Student: 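Just dropping this structure here.
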There are 2 protein chains.
Amino acid sequence: MTQVKLPKIQKMPADARALSVLRSQIVDGSIAPGSRLTEIQLSEEMGLSRATVRTALHQLGKEGLVKLVPYTGWTVIELTPTDIWELYTLRGAVERLAAQLAATKSDEKSVAAIAASFETLRRECEIGKPTSIAEADFAFHKSIVNAASHERLVMQYELIEQQIRVYIHSSDALISDPIEIVAQHEPILRAIRDGNPSLAGELSERHNLVEGEKLTSSM
Amino acid sequence: MTQVKLPKIQKMPADARALSVLRSQIVDGSIAPGSRLTEIQLSEEMGLSRATVRTALHQLGKEGLVKLVPYTGWTVIELTPTDIWELYTLRGAVERLAAQLAATKSDEKSVAAIAASFETLRRECEIGKPTSIAEADFAFHKSIVNAASHERLVMQYELIEQQIRVYIHSSDALISDPIEIVAQHEPILRAIRDGNPSLAGELSERHNLVEGEKLTSSM
DNA sequence: CAAAGGGCTATTGTCGACAATAGCCCTCAT
DNA sequence: ATGAGGGCTATTGTCGACAATAGCCCTTTG
């Protein structure tokens, strides 16, 4: 009965695996923005058929990570300042809703999860490497989104987060003061815990706009 | 030089055509929610290969209009009350941002476009059929989204609108009083024209929550 | 030398066939 | 009668081959 089912990534159909692998590599920067990808080369490297890889690429296209140029090839997205502005304004809108919903429910379990991820963030801000801090930052935001119990919201958020990660990795733009990070996030947690939807929403939106500003101004 | 290029739908690659056709049929209700679709049957009906149809179906899957059941087939989404709640809350968040941006720019051309679509809406509310009113309603909302000049916002909005249309057509849920429709939309236009982002955003969000409530309560 | 035209190549677009599998139905034992 | 077990069928999953095309290079011509 102690059957673990961790290796789910191994038992997936081939196209889903290809999708998962390619997505990881793009998101973590192993495949750089602007890279040219061809179906044949990828299929040879991954030991899969072209059709299978092609399916995965089309999915990534819908996720906004790659672009198809007809009869010529695929390229990994390159994010311009305008794209960053789009991503952060959109994330602001999405997280505003998430925070509103989380604060409305103010469900004990969800609040605990958010509080936990905030604690991790605080700890990382004191002793952690920049990348660990950034990771904890993402985790905190995601815990709020999860607390909203809103499937479409989660999906939309993940698409945005992916693209932001592409940019972060390609530019090493981790320019925030650890102390300010804590100061920016703590009030959000408090507003959710206090069951104050409009404040939680407002703070979340503003936080994203501020972060977006920082990034675009440093480009 | 008087070369018209209307028939763009004719010159598209086959997979894009299949995508376009299937999407239209699902969104306008010709293919009912819950319908079972099989790649072979569709490919025969459309005179295309299975692979081509399959590509289109995967795209529709990413758009959230169909769901794939492994080794069994595809089904058109059926929207539950929870789905409607998700759609309208999400649309509220998206349109809030759109209205904020539109009001911030308060760009002459965009405002004119929004005002024009509002006039159409007002006219349809007086003399039009319910379906024309609903269409003008959608057009008004979209004109605001377009005014934001935000590509990802537009795409996200279109996905949401599509799914709402599926539900509208499947349930004939057009339950609004024409007079109230005008009363709900007019202040939004005014706030955008006045360059009042926070009011425009707030009104847009609230409008969507109200509409969502109406629909879910009537299920 | 510049510009237009044609062909070559790399790559996606499309196709039909075979493999794998989920779910049904039928059998058979109890 | 009923439950388990096995095989059958419909459908997706995967593959390799051929068709169409965009973009480059090379030639040719003025």
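Note that the coordinates shown come from a computational prediction; the quantities given were computed from them, not determined experimentally. Here is how names work: the chains are called A, B, and so on, in the same order as the sequence lines, proteins then strands, and each is numbered from 1.
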Student: Who pairs with B:Q25 by side chain to side chain contact (heavy atoms under 4.5 Å, CB included), at least two apart in sequence or on another chain?
Tutor: B:V21, B:S30, B:I31
Student: Tell me, please, which residues at least two apart from B:D83 pass side chain to side chain contact (heavy atoms under 4.5 Å, CB included).
Tutor: A:R152, B:L79, B:T80
Student: Under the side chain to side chain contact (heavy atoms under 4.5 Å, CB included) rule, collect the residues that match up with B:T72, sequence neighbours excluded.
Tutor: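 Partners of B:T72 by the side chain to side chain contact (heavy atoms under 4.5 Å, CB included) criterion, ordered by chain and then number, come out as B:V69.
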Student: For nucleotides 16-21 of chain C, print each protein N/O atom paired with a nucleotide N/O atom at under 3.5 Å, atom names and distance only.
Tutor:
none

Student: Let's see if you get this right: which residues in residues 30-46 of chain B place a heavy atom under 4.0 Å from DNA chain C?
Tutor: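 Within this stretch, nothing sits under 4.0 Å of the strand.
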Student: For B:S117, what residues pass the side chain to side chain donor-acceptor pair (under 3.5 Å) criterion, not counting sequence neighbours?
Tutor: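 B:S143.
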Student: Just to verify, what does A:K109 make a side chain to side chain contact (heavy atoms under 4.5 Å, CB included) with, not counting sequence neighbours?
Tutor: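 For A:K109, the residues satisfying side chain to side chain contact (heavy atoms under 4.5 Å, CB included) (neighbours in sequence not counted) are A:D107.
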Student: Show every donor-acceptor pair shorter than 3.5 Å between a side-chain atom in residues 55-62 of chain A and any protein atom, with sequence neighbours excluded, or say none if there are none.
Tutor:
residue	atom	partner	partner atom	Å
A:T55	OG1	A:A51	O	3.0
A:H58	ND1	A:R54	O	3.4
A:K62	NZ	B:E63	OE2	2.5

Student: Between B:L19 (CG) and C:dG13 (P), how many Å, whole number?
Tutor: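 Going from B:L19 (CG) to C:dG13 (P), I get 13 Å.
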Student: With a cut-off of less than 4.0 Å, is there a side-chain N or O of B:T52 near OP1 or OP2 of C:dC15?
Tutor: yes
Student: Residues two or more places apart in sequence or in another chain: which of them pass salt bridge (Lys or Arg N to Asp or Glu O under 4.0 Å) with B:K105?
Tutor: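 Salt bridge (Lys or Arg N to Asp or Glu O under 4.0 Å) list for B:K105, sorted by chain: empty.
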Student: Just the rounded figure in Å: distance from C1' of D:dT11 to CG of B:L68.
Tutor: 10 Å
